[in-house]
Amino acid sequence: MSGSSAVSRPAAGPVSAAVPLTGVQPGRCARVWSIEAPEDDAEHLKVLGICAGRRVWLLRTGDPVIVCVWGTRIGVSRRLADRVMVQPCDSWTAQGCKKHSPSASTPR
Amino acid sequence: MTTLASMRSDANPQIDRAIRRVALAGNPNAGKTSLFNQLTGLRAKTANFPGTTIECRSATVSVGGQRVQLLDLPGLYGLNATTAEQRIARDALLDQSEPTGAVIVIDASNLQRNLYLASQIIELGIPSVVVLTMVDLAKRAGIKIDVALLERELGAPVVAVSGRTGKGIEGLRRHIERLVSGGGQAVAPQSMTASTRCSGCPHGVRFDWAEQVSEQCMTWDGGTRSGAWTSRLDRVLTHPVVGIVAFFAVMAAVFVLIFWLAAYPMDWIDAMFGQAQAWVARLLPPGDLQSLVAEGIIGGVGGVLVFLPQICILFFFLALLEDTGYLARAAFVMDRLMRRVGLPGNAFVPLLSAHACAIPGIMATRVIQDRRDRLVTILVLPLMTCSARLPVYAMVTALLFPHQPLQAGLVFTAAYALGITAAIGAAFAIRRTILSGKPRPLVLELPSYKLPRLRNALLATLDRGRLFVRTAGTIILVMSVILWAMATYPRSAAPAEAVAMQQQAEVLAEAGDLAGADAARHDAAVLTNHHALSNSVAGRIGRAMRPVLRPLGFDWQIGVGLVSSLAAREVIVSTLAIIYGVGEGAAADQPESLYDTMRAAKRTDGTPVFTTATCLSLLVFYVLAMQCLPTQAVVRRETNSWKWPIFQFTYMTMLAYVAAMLTYQIASHWPG
């Protein structure tokens, strides 16, 4: 795995407790820390926005899981979701997948 | 690391040449196909990008008196050249020999994600127009977009187009006109390159920029929470248990509709080709030409075109389901189950479609992105019981269990189950040998649910129907003629008995016994046909295959059937009718007479040919064998190489042979 994996981490930020995406409670926001999967699979996730530094929400656990990024639901095999390391953050989503960027989650 | 500034260096030097080609680019599910259909209507043609199996739709339209080629690029999330689709789209946009402009399709209800691709295209220096789609959906969700600001940020004109009402499409046409008349030179805007925050991820800068721009250009008035419906439906439809039950219910409904609705047009097509044959028989003098046109061409082509209604109805429903966003959920819920046998979740719908006909099934595998996953699916797909096998199953069950519907039903079920089991086993084996490895993990956007558009579904159906007729039709024509020639030549003189019978018929006719004369003539014709077929190339091949076929319990007559049914499996029924001397017409009008004759058929040693063991062996052979050259032609087209269809033919035929031999040997030695 080591040779083919593309591990990219944000340059700055606290290095506190990165957990696999599948370990986050459904509905809770998480910031992607790194993707420790083979290049091709990681690339596939990244263009969809599951990329270091982005905020994502786990909507459904199981296999595959559903992840919400930028208002879109994305189905991801559990095997791959296990390799997305995230840091849980404080914001929660009441229901479903919001159509807005995290910062626009309150009506303006 | 790729920075936005460095990406500008491969900007396109196409400024001084006139643009005659405009490509539509956008994320999957952004409403690109809908827009393309609105711009082009029925003029669109489907082909593959040269040297690839990636589909490309294009149409020539007139914009402001100029002829412009519109190109529908595959749905993309980015232009990073990591997938074949992305490379092709990039090459098409940067094609030096054909300066290309871009219509960038952006889903207004999902601005951030869509801006990623838009910025990449604009930065390549490609003259672009940005189209906001799904504006109705965004409006209902309370999203407002500042179009003027977005134009400034992107440095390209932005038009909003309503997919439902077509409002804004004229404005888009004017912008395309400006693009081709040279007024659309794009300049990479400042704001794109000014963002310098580096987050380590090569996509980070662009994502940051997209977030920033969409925050500036978009306001949300706190209206209806969009996606609430999607969320509610998904709670049911993506549920690991309920979702699978719902999926099977949807698919069962689709299949009942396919077989029920298609029955009528299939009858019409059958009748039409029958009429055409009768008409040719009247028009042309009896002889080789009449036989070629009536039996070779019309019979052969009609035998396959009869499946066109099923194919069209199947694609119509699949297009409707895809448009609603449901097909993505189908792939999602089936993924875990399918993965166990080494196939991705989105292989399920093509495999199911193959129960109507393998050809649309193979065409439907285009939804599978990974090449290896797609190949495995294509390789095992013809093991599914298609409609063309049904006449063969019907014949065998009638021989085994005349007038016993329960047992006949069980045989049918067993045949279907055998096909599915064999496909699973073959996928399992292929995944451990020639295409080893696990299927690519699922990463799939689950788009918001929306009402399907009839127009899109109809256009997709038309497109697939045309593709089937064009690819399958031409090869079928050629194959039918070749097989006709094999069954016809070399010509042999009518046997003495037939000549005698014909003379007898003349005598009877002169004596006034017209009914007797007709019967004698009919018998003479049956005998002549039987004699001609057994001496033809096909007959000789059948006889030459005798030693190979013996362990399967087949006689040389069945061998002739095997050869002649290579173009279409159901042909074996009419071939056996001729070779067992029932006459082709009788087989269709009174199938019982064929079955009676077959039951009475004896080997040279006096034992019956169609014992239970032979029937079962024949059934197993037809479940598993790749007896369909049109499918092979489509596999060649879809895999771009002869290697895969040849491999497929070999493994399926070997599988069928061994399984049929085992069946025969076990069944014939079964005590009692």
Side-chain angles (χ1 to χ4, degrees), chain A residues 6-13 32 34-35 37-55 59-83 94-108, chain B residues 29 76-78 80 82-83 86 109-113 116-117 138 141-143 198-204 207-208 210-211 214-215 218-223 225-228 230-232 234-235 238-240 328-329 331-333 335-336 339 345 369 438 440-448:
Chain A
V7 182
S8 44
R9 293 194 168 87
V32 179
S34 65
I35 298 175
E39 187 88 37
D40 285 1
D41 298 336
E43 185 65 31
H44 207 151
L45 288 173
K46 284 175 184 172
V47 289
L48 277 159
I50 304 178
C51 175
R54 294 305 110 196
R55 285 211 266 182
L59 295 185
R60 186 190 268 289
T61 52
D63 184 18
V65 300
I66 301 183
V67 185
C68 170
V69 195
W70 279 351
T72 316
R73 308 159 151 262
I74 295 162
V76 181
S77 282
R78 194 182 176 89
R79 186 157 62 91
L80 190 54
D82 275 336
R83 295 179 168 194
Q95 69 161 115
C97 189
K98 285 177 294 183
K99 277 286 170 194
H100 302 279
S101 67
S103 55
S105 56
T106 45
R108 281 189 282 176
Chain B
N29 310 310
L76 305 164
Y77 291 108
N80 306 314
T82 47
T83 63
Q86 294 189 9
S109 65
N110 205 338
L111 202 54
Q112 292 152 331
R113 168 185 316 294
Y116 181 87
L117 174 71
I143 295 171
C198 176
S199 61
C201 167
H203 310 283
F207 281 135
D208 286 342
E211 248 173 35
S214 73
E215 255 170 59
M218 186 179 76
T219 51
W220 181 43
D221 65 5
R225 178 185 278 284
S226 66
T230 297
S231 170
R232 232 170 281 160
D234 262 357
R235 218 168 293 158
T238 62
H239 188 276
R329 271 75 182 182
F332 179 89
V333 292
D335 194 67
R336 199 160 51 104
R339 208 157 281 282
Q369 281 208 335
K438 286 182 177 158
R440 282 291 293 275
L442 175 92
V443 178
L444 179 71
E445 183 182 345
L446 304 173
S448 298

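Lettering of chains follows the sequences in order, A, B, ..., and the numbering in each one begins at 1. From a predicted model like this one, the values you see are computed outputs, not experimental measurements.
Between B/Phe207 and A/Val47, the shortest heavy-atom contact is CZ-O, 4.0 Å. Nearest heavy-atom pair, B/Phe332 versus A/Gly75, reported as atom, atom and distance to 0.1 Å: CE1-CA, 3.7 Å.
Taken to the nearest 0.5 Å, the CD1 atom of A/Ile66 stands 4.0 Å off from the OG1 atom of B/Thr238. Atom CZ of B/Arg336 sits about 10.5 Å away from atom CZ of A/Arg78, to the nearest 0.5 Å. Taken to the nearest 0.5 Å, the CZ atom of A/Arg60 stands 6.0 Å off from the NE2 atom of B/His239. Note: B/Tyr77 OH to A/Leu45 CG = 11.5 Å, rounded to the nearest 0.5 Å. In this structure, the separation between CZ on A/Arg73 and OG1 on B/Thr230 is 6.5 Å, given to the nearest 0.5 Å.
With contacts defined as side-chain heavy-atom distances shorter than 4.5 Å, the pair B/Arg339/A/Pro64 does not qualify.
Contact of B/Asn29 with chain A is not made at all, since no heavy-atom distance falls under 4.5 Å.
For the set A/Leu48, A/Ile74, A/Val76, A/Leu80, the entry with the most heavy-atom pairs within less than 4.5 Å of chain B is A/Leu48. If you tally non-hydrogen atom pairs under 4.5 Å between each of B/Arg329, B/Glu445, B/Arg440 and chain A, the highest count goes to B/Arg440. Note on B/Leu117, B/Val443, B/Asp335, B/Leu76: by heavy-atom pairs under 4.5 Å with chain A, the leading option is B/Val443.
A donor-acceptor contact closer than 3.5 angstrom links the side chains of A/Thr72 and B/Arg113.
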